[in-house]
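One structure below.
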There are 2 protein chains.
Amino acid sequence: MSASKRDELVQKALQAFYRGGFHAIGMDRLAKETGVSKTAIYKHFRTKEELILATLRLRDEQFRNWLMRRVEALAPAPRDQLIAIFDALAEWFEEPEFKSCMFIKASSEYQDRAHPIHATAAEHKRLLLADFTERAKKAGAKEPEALAGELLIVKEGAIVLAHLHDSNQVAQMARRTAESLINASFDG
Amino acid sequence: MSASKRDELVQKALQAFYRGGFHAIGMDRLAKETGVSKTAIYKHFRTKEELILATLRLRDEQFRNWLMRRVEALAPAPRDQLIAIFDALAEWFEEPEFKSCMFIKASSEYQDRAHPIHATAAEHKRLLLADFTERAKKAGAKEPEALAGELLIVKEGAIVLAHLHDSNQVAQMARRTAESLINASFDG
DNA sequence: TGTAACATTTACCGATCGGTTAATGTGATC
DNA sequence: GATCACATTAACCGATCGGTAAATGTTACA
């Protein structure tokens with residue numbers, strides 16, 4: 001199997017897991033949906049868990065890349081970028097395929113902190129927090145670490161609620177919440 | 001099976017699903033963990049889905065009851081109660097059994113909005129929002145609906161992150177975020 | 001054209017899935 | 001003590017679980 005074919009497999013597995021859930025999607029169905037036979041899959045991934053970890057690594061890279069690029073395209077100034085995070089989020093919520101966050105779902109299904117899948121989800125959030133912190137510092141926030149933590153909480157809450165309630169309304173509410181927190185972090 | 005025995009079954013099933021996940025816990029294992037035979041379970045619940053729904057109804061009632069009582073015990077004044085939500089949350093996070101929110105997990109595993117389990121999770125969050133809104137009104141917030149929506153976002157985000165990162169730190173951060181939002185909603 | 005290397009398919013493994021059937025207790029009523 | 005209603009157990013159903021072995025292409029080079 002070529003490297004590109006392998007990437008394609010991981011990408012398709014990612015979509016299948018995202019849509020269906022990790023436990024709910026079996027390897028037989030995965031083989032059917034990806035068009036790669038089960039034996040061929042197991043040539044490259046020793047277990048289902050390893051395949052899941054590969055999809056999570058891909059998703060982490062894709063999502064953080066997308067968010068950073070989108071944020072920077074929406075606003076040049078660091079302080080505005082902090083708000084633009086929530087404009088990008090709103091765009092994501094409106095995609096028809098949106099079904100919450102892959103890592104929240106992963107941590108829901110693999111709850112043990114010692115489990116590699118759970119740990120990968122935790123790491124994804126840590127990397128987002130680091131990115132937010134960096135931007136808050138550049139923007140000159142009074143307490144950049146604290147502001148970044150607050151914004152991450154708002155982001156995660158918005159994702160959860162966008163998946164359950166009216167996503168448009170939630171996106172607006174999250175943006176307004178972020179604005180309020182950012183303002184508070186610069187004033188006074 | 002007596003009514004109390006049935007309640008006990010649902011309570012034990014709730015714990016099993018909460019700890020293990022809905023797809024991951026099979027009916028055989030459920031029978032073993034609850035001490036009620038599979039046949040006896042199916043005498044009272046036509047499908048696994050119905051049993052899950054029963055556990056969610058119980059959890060909804062238990063959680064909202066606990067939160068309201070705890071919040072009222074922690075603070076007499078409505079405005080202080082809005083902050084006390086996050087003190088209660090911090091207590092919850094420190095329980096050794098804490099493993100995120102049952103309804104976030106339910107919506108992670110049952111993603112279709114039309115699915116009864118997903119709908120039940122959405123309803124739980126709606127009821128929480130209604131309670132927050134009521135308190136915000138009593139407290140005299142400028143825009144009670146908006147403030148309640150913001151606080152709910154913070155609550156959900158805090159739960160997700162408390163499950164992934166240091167729960168104590170997240171609880172502190174969430175409380176501080178809530179304070180900032182509440183202050184902003186009364187000032188100006 | 002023969003053959004070695006690799007990828008893919010088919011069939012299968014024991015275990016478990018959600019759910020059911022038939023047999024076995026068990027307790028109250030007559 | 002016989003009988004009837006009910007609760008429980010054990011055994012079983014076809015389907016699917018994660019994972020593997022053996023057979024069957026397919027391709028590249030000699």
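Everything numeric in this text was worked out from a predicted model, so none of it was measured. Lettering follows sequence order; numbering is per chain, from 1.
Residues B:Met68 and B:Ile182 do not share a hydrophobic cluster, clusters being chains of Ile/Leu/Val/Met/Phe/Trp/Tyr side chains in contact below 4.5 Å. Residues A:Val10 and A:Ile25 fall within the same hydrophobic cluster, defined by Ile, Leu, Val, Met, Phe, Trp and Tyr side chains chained together at heavy-atom separations under 4.5 Å.
Between A:Tyr110 and A:His118, a ring centre-to-centre spacing not shorter than 6.0 Å is recorded.
The nearest whole Å value for the distance from the NZ atom in B:Lys43 to the C1' atom in D:dT8 is 9 Å.
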What string of B, S and - do you get for nucleotides 16-21 of chain C, 5' to 3', when a contact is any protein heavy atom under 4.0 Å?
-SBBBB
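B:Phe186 carries B:Arg79 over the face of its six-membered ring, with the cationic atom under 6.0 Å from the centre and within 45° of the normal.
With respect to B:Glu33 and B:Arg29, a salt bridge is recorded, a charged nitrogen being found less than 4.0 Å from a carboxylate O.
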